[in-house]
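Take a look at the structure below.
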Amino acid sequence: MRAAVLEAIDQPFVVRDVPTPPLVPNGVLLRVEANGICRSDWHVWKGDWSWVGVVPQLPAVIGHEFCGVIEEVGAEVTRWKKGDRVIVPFSGGEGTCEWCRTGHHNMCDTPILPGLVFGGGFGRYSSVPYADVNLVRLPDAVGFVDAASMGCRFMTSFHGIVDQAQVRPGEWVAVHGCGGIGLSAVQIATALGARVIGVDVADEKLAFAKELGAEATVNAAQDDAAGAIATLTGGGAHVSIDALGIATTCLNSILSLRKRGRHLQIGLTTQAEKGMVALPVDVIVFKELQIVGSFGMQAPHFTSMLAMVEARKLEPGKLVSRTVGLEDVTSVVQSMGSYGTTGVTVIARY
């Protein structure tokens, strides 16, 4: 099969033929039809998460935002058949640990991560293990390109906003960082009836946030983000989201909150922070703020999100700004280091 192969950290991907991965008894062989290129791919490409043990075994076929059609089914699989259209959530589990048994597959003690534990969507085929536990049926009405981002950024934002921060209609929600996760959060929070403020340093990304439903925007390169949000909301946001994961956006998000507000941390840090960010502890105490983390979304929770997609209350396809082929992967991933992409870029040509 053709694949864009990561052969060395921080070096161009090599597009070449590689062996099709073998089918495993509890898995399926999936023909990948589309794969979103995510900033998490940039982190892996840069070797950026070595301090938490996320190190790809090279050469690697990464990519974790993909969907496709089942070509073969393992002998132990009971829920799926050849020809089924499915999404592969990036935060999969093996199904038997404490967290999987209680419905929190995204917290699995043995995380089944596409592109790291098994070959991902930068290749034409993927051998997906634990298929009965992790795969999600893709409705016929949803196209592959539209679905490509729902295996990571969109579903991560949905879980964070709906399950973790529990955003309610009428609440002010500030989204710091209008990349793929942030723009997903803008659309989802708006669909829930929240009043959304998009925050970024790029006017084109703020304009995109407006298209997706943001009531107001703040350019953090030109204005004090926390002060501007306090003025717009009459005291601060009820919920504020760090959708990027750098020290500045994390701090701005917390300082943007009104009393008893909720800070939602979705963005993961870079080499600059190595997971450690200084927080205004006294402000957190005096305002009784809540700090909430969110990671991926378990497969059983896709039902409500996909129902909203089918009803067109959510339209993940609106986030897709560009489709590319395997030969374009290097340039797209490299540009993410300087935040050079707007919206979601999807591999649609293999």
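Not measured: the values here are computed from a predicted model. Counting begins at 1 with the first residue of the sequence.
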Would Asp10 and Lys46 satisfy salt bridge (charged side-chain N to carboxylate O under 4.0 Å, His left out), going step by step from the backbone distance to the final call?
CA-CA 5 Å; Asp10 203 11; Lys46 289 290 290 185; 3.3 Å; yes

Can you check whether Met305 reaches Phe154 side chain to side chain, under 4.5 Å on heavy atoms?
yes

Got a donor-acceptor contact below 3.5 angstrom from the Ser256 side chain to the Ala237 backbone?
no

Hey, mind stepping through Arg262 and Glu171 against salt bridge (charged side-chain N to carboxylate O under 4.0 Å, His left out) and telling me if it holds?
CA-CA 11 Å; Arg262 289 105 73 197; Glu171 289 190 316; 2.9 Å; yes

Donor-acceptor pair, distance only, cut-off 3.5 Å: does the side chain of Asp223 make one with the backbone of Ala225?
no

What do the steps show when you test Arg2 against Glu327 for salt bridge (charged side-chain N to carboxylate O under 4.0 Å, His left out), and what is the final call?
CA-CA 11 Å; Arg2 293 188 79 231; Glu327 294 80 4; 2.7 Å; yes

Quick one: pull up CD in Glu204 and OG in Ser321 and give me the separation to the nearest 0.5 Å.
11.0 Å

Give me the atom names and distance for the closest heavy-atom approach of Phe13 to Thr330.
N-OG1, 2.9 Å

Distance col, row Thr249:OG1 vs Asp242:CG, nearest 0.5 angstrom, shows 3.5 Å

Do Cys250 and His263 come within less than 4.5 Å of each other through their side chains, counting heavy atoms only?
yes

In the single-linkage hydrophobic clustering (I, L, V, M, F, W, Y; side-chain heavy atoms under 4.5 Å), do Ile9 and Ile37 co-cluster?
yes

Counting C-beta onward and ignoring hydrogens, is there a side-chain heavy-atom pair between Cys38 and His64 closer than 4.5 Å?
yes

Checking the side chain of Gln164 only, and the main-chain atoms of Gln166 only, is there a donor and an acceptor separated by less than 3.5 Å?
no

Determine the interplanar angle of the Phe90 and Phe295 rings, folded into 0 to 90°, and report it as parallel if under 30°, tilted if 30 to 60°, perpendicular if over 60°.
perpendicular

Spell out, yes or no, whether Leu264 and Val218 are grouped together once hydrophobic residues are joined by side-chain heavy atoms under 4.5 Å, including indirect joins.
no

In one Ile/Leu/Val/Met/Phe/Trp/Tyr side-chain cluster, 4.5 Å: Leu255, Trp172
no

Between Val133 and Ala299, which heavy-atom pair has the shortest distance, and what is it?
O-CB, 3.9 Å

Looking only at heavy atoms, the pair that brings Gly343 and Phe208 closest together is CA-CE1, 3.7 Å

Using side-chain contact (heavy atoms from CB on, under 4.5 Å), reason through Thr345 and Thr323 one step at a time and then give a plain yes or no.
CA-CA 6 Å; Thr345 300; Thr323 61; over 6 Å; no

For the CD atom on Gln57, are there more than 12 heavy atoms of other groups (residues, nucleotides or ligands in this structure) within a distance under 6.0 Å?
no

Spell out, as yes or no, whether a donor-acceptor pair under 3.5 Å connects the side chain of Ser240 to the backbone of Ser253.
yes

Should Ile112 and Val24 be regarded as members of a common hydrophobic cluster, given that ILVMFWY residues are connected when their side-chain heavy atoms come within less than 4.5 Å of each other, either directly or indirectly?
no

Quick check: does any side chain N or O of Trp45 sit under 3.5 Å from a backbone N or O of Val333, one acting as donor and the other as acceptor?
no

For Asn26 and Tyr130, indicate whether the former's side chain and the latter's backbone hold a donor-acceptor pair under 3.5 Å.
yes

Out of curiosity, Ile254 CD1 to Ile284 CD1, how far, rounded to the nearest 0.5 Å?
4.5 Å

Report yes or no: does Arg101 contribute a side-chain atom to a donor-acceptor pair with the main-chain N or O of Thr96 at less than 3.5 Å?
yes

dist Leu23:CG -> Thr20:OG1 (nearest 0.5 Å) comes out at 12.0 Å

Give a yes or no on whether the backbone of Gly180 and the side-chain of Ser184 come within a donor-acceptor separation of less than 3.5 Å.
yes

Out of curiosity, Phe122 CZ to Tyr350 OH, how far, rounded to the nearest 0.5 Å?
8.0 Å

Heavy-atom distance under 4.5 Å between the side chains of Glu7 and Arg16, does that happen here?
yes

Smallest heavy-atom separation, Glu76 atom then Asp132 atom, equals O-OD2, 3.8 Å

Tell me, do Phe158 and His301 make a side-chain contact under 4.5 Å, heavy atoms counted?
no

Would a single hydrophobic cluster contain both Leu58 and Val117, if residues Ile, Leu, Val, Met, Phe, Trp and Tyr are joined by side-chain heavy-atom contacts under 4.5 Å?
yes

Would the number of heavy atoms belonging to other residues, nucleotides or ligands and lying under 6.0 Å from CZ of Arg260 be above 12?
no

Assess whether side-chain contact (heavy atoms from CB on, under 4.5 Å) is satisfied between Asp200 and Tyr339, documenting all intermediate values.
CA-CA 11 Å; Asp200 205 282; Tyr339 310 106; over 6 Å; no

Would you say the side chains of Thr270 and Asp48 form a donor-acceptor pair under 3.5 Å?
no

Going by heavy atoms in the side chains, are Ile246 and Thr269 under 4.5 Å from each other?
no

Within this structure, what is the CD-OG distance for the pair Glu65 and Ser149, rounded to the nearest 0.5 Å?
6.0 Å

Quick one: which of Thr217, Val196, Val186 gives a side-chain contact (heavy atoms from CB on, under 4.5 Å) with Lys210?
Thr217

4.5 Å side-chain heavy-atom contact, Arg124 and Arg31
yes

Keeping Glu94 on the side-chain end and Cys97 on the backbone end, is there a donor-acceptor pair under 3.5 Å?
yes

Measuring only between side-chain heavy atoms, which start at C-beta, is Val128 closer than 4.5 Å to Asn134?
no

Would you say Lys318 has more than 12 foreign heavy atoms packed within less than 6.0 Å of its NZ?
no

Between the main-chain N or O of Leu257 and the side-chain N or O of Lys287, is there a donor-acceptor pair closer than 3.5 Å?
yes

Taking the basic N atoms (NZ, or NE/NH1/NH2) and the acidic carboxylate oxygens, is any pair closer than 4.0 Å for Lys82 and Glu71?
yes

